[in-house]
Amino acid sequence: MIIEQSQHIIDEVSKVFIGKDEIIKKVLMTIYAGGHILLNDAPGTGKTTLALAFSKALGLDYKRIQFTTDTLPSDIVGFTMLNNETQKFEFRPGAVFSNLLLADEINRTSPKTQAALLEAMEEHNVTFDGVTYDLPHPFITMATQNPMGSAGTQPLPESQLDRFMICLSIGYPNLEKQIEIIKSRRYDNPIERIKEVASKENVIEVQNYLSSVRICDDVLKYIVLLCEKHNKNLIIR
């Protein structure tokens with residue numbers, strides 16, 4: 001069932017994200033694993049299209065933030081506003097209250113604003129004025145950053161990078177696929193042709209199933225040793 005459902009999702013997303021099936025599969029695997037995705041590539045490679053296509057195929061509540069130098073943490077988390085009728089402050093949820101959050105050009109905002117995602121990505125909740133609010137389930141962050149040129153950018157700190165399960169570089173499609181992309185967009189927007197072939201409940205079901213899979217001690221030992229080796233290399237650098 002999971003394999004069949006996954007193929008339906010891949011087929012739908014590939015209608016608009018052409019020539020990059022391996023990227024689609026890796027993103028879907030990360031969603032199933034409950035992780036977050038960092039897309040590190042130049043403009044025009046379809047990063048936003050990829051996120052929107054997945055939200056439609058999976059039936060997820062989708063929100064997008066275009067990060068700029070003046071983006072505030074409250075734009076992400078939310079803020080309180082005075083209700084004139086009750087004369088009480090009420091919490092107004094920010095963009096992070098969604099199933100799939102696209103954090104576009106995350107490295108173009110301040111470290112303070114970047115840090116607003118730390119709790120949300122790790123704990124799947126946010127704390128505001130001492131009150132903790134749970135985020136919708138599932139919650140996936142798909143962030144993008146442009147590696148070409150550093151003017152006006154703020155590199156993500158290690159603590160932020162650690163929240164992402166995978167970092168992908170898409171690259172431009174070959175000549176044949178670029179022509180196919182142009183043809184597909186001549187008369188309409190192919191994103192409108194994507195059908196909802198799964199639901200958030202299906203995603204949660206797969207996530208729960210995968211988390212119940214038993215991992216033997218030898219594999220766990222290998223994972224820990226691999227992480228330790230990687231950390232030592234970072235320290236040496």
Within a strict 4.5 Å, meaning less than it, do heavy atoms of the [X] and [Y] side chains meet?
| X | Y | value |
| --- | --- | --- |
| Tyr62 | Leu101 | no |
| Leu117 | Val96 | yes |
| Phe79 | Met81 | yes |
| Val16 | Ser184 | no |
| Met142 | Leu39 | yes |
| Ile76 | Pro73 | no |
| Ile166 | Phe164 | no |
| Pro173 | Ile18 | no |

Does the side chain of [X] pick up a donor-acceptor pair with the side chain of [Y] at under 3.5 Å?
| X | Y | result |
| --- | --- | --- |
| Glu105 | Gln66 | yes |
| Thr109 | Gln114 | no |
| Thr113 | Thr71 | no |

Heavy-atom donor-acceptor pair, Asn99 side chain to Leu60 backbone, under 3.5 Å: no

Output yes when a side-chain donor or acceptor of Asn125 lies under 3.5 Å from a complementary backbone atom of Thr132, and no otherwise.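 Such a contact is absent between Asn125 side chain and Thr132 backbone.
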
Go through the structure and list residues passing side-chain hydrogen bond (donor to acceptor under 3.5 Å, both in side chains) with [X], not counting sequence neighbours.
| X | value |
| --- | --- |
| Asn202 | Ser199 |
| Asn83 | Glu90 |
| Ser14 | none |
| Thr144 | Asp104 |

Specify the closest pair of heavy atoms between [X] and [Y], including all atoms of both residues, with the distance to one decimal.
| X | Y | result |
| --- | --- | --- |
| Ala120 | Val126 | CB-CG1, 3.9 Å |
| Phe17 | Thr45 | CE1-O, 3.7 Å |
| Leu102 | Thr48 | CD2-CG2, 3.7 Å |

List the steps, then state whether side chain to side chain contact (heavy atoms under 4.5 Å, CB included) holds for Leu50 with Ile23. CA-CA 9 Å; Leu50 179 64; Ile23 297 293; 4.1 Å; yes

If a pair satisfies salt bridge (charged side-chain N to carboxylate O under 4.0 Å, His left out) and one of its residues is in [range], list it, with sequence neighbours excluded.
| range | answer |
| --- | --- |
| residues 191-201 | Asp188-Arg193 |
| residues 172-183 | Lys177-Glu180 |
| residues 10-20 | Glu12-Lys15 |

Take Phe54 and Ile140 through the test side chain to side chain contact (heavy atoms under 4.5 Å, CB included) and record every step on the way to the result. CA-CA 11 Å; Phe54 264 104; Ile140 305 109; over 6 Å; no

Kindly check if the number of other-residue, nucleotide or ligand heavy atoms within 6.0 Å of CD (Gln87) is above 12? yes

Would you say Ile3 has more than 12 foreign heavy atoms packed within less than 6.0 Å of its CD1?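 Atom CD1 in Ile3 is not crowded, with 12 or fewer foreign heavy atoms closer than 6.0 Å.
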
List, one per line, each side-chain donor-acceptor pair under 3.5 Å for residues 24-38, sequence neighbours excluded.
residue: Thr30; atom: OG1; partner: Lys26; partner atom: O; Å: 2.8
residue: Tyr32; atom: OH; partner: Gln5; partner atom: NE2; Å: 3.3
residue: Tyr32; atom: OH; partner: Ser6; partner atom: OG; Å: 3.0
residue: His36; atom: ND1; partner: Thr141; partner atom: N; Å: 2.9
residue: His36; atom: NE2; partner: Met121; partner atom: O; Å: 2.8

Those residues that, when tested against Tyr133, pass ring pair (Phe, Tyr, Trp, His ring centres under 6.0 Å) (two or more places apart):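 Counting only residues at least two positions away or on another chain, Tyr133 forms a ring pair (Phe, Tyr, Trp, His ring centres under 6.0 Å) with Phe91.
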
Tell me whether Met165 is reachable from Leu168 by hopping between hydrophobic residues (I, L, V, M, F, W, Y) whose side-chain heavy atoms are closer than 4.5 Å. no

Hydrophobic cluster mates of Leu225, side-chain heavy atoms under 4.5 angstrom, ILVMFWY only, any path?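 When side chains under 4.5 Å apart are linked, Leu225 ends up in no cluster with other residues.
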
If you link I, L, V, M, F, W and Y whenever their side-chain heavy atoms are under 4.5 Å apart, who else ends up in the same group as Leu82? Phe89

Could you give me the CA-CA distance, side-chain angles and deciding distance for Ile106 and Ile65, then say whether side chain to side chain contact (heavy atoms under 4.5 Å, CB included) is met? CA-CA 9 Å; Ile106 191 173; Ile65 304 177; over 6 Å; no

Would you be so kind as to tabulate the donor-acceptor pairs closer than 3.5 Å made by side chains of residues 214-224, with sequence neighbours excluded?
none

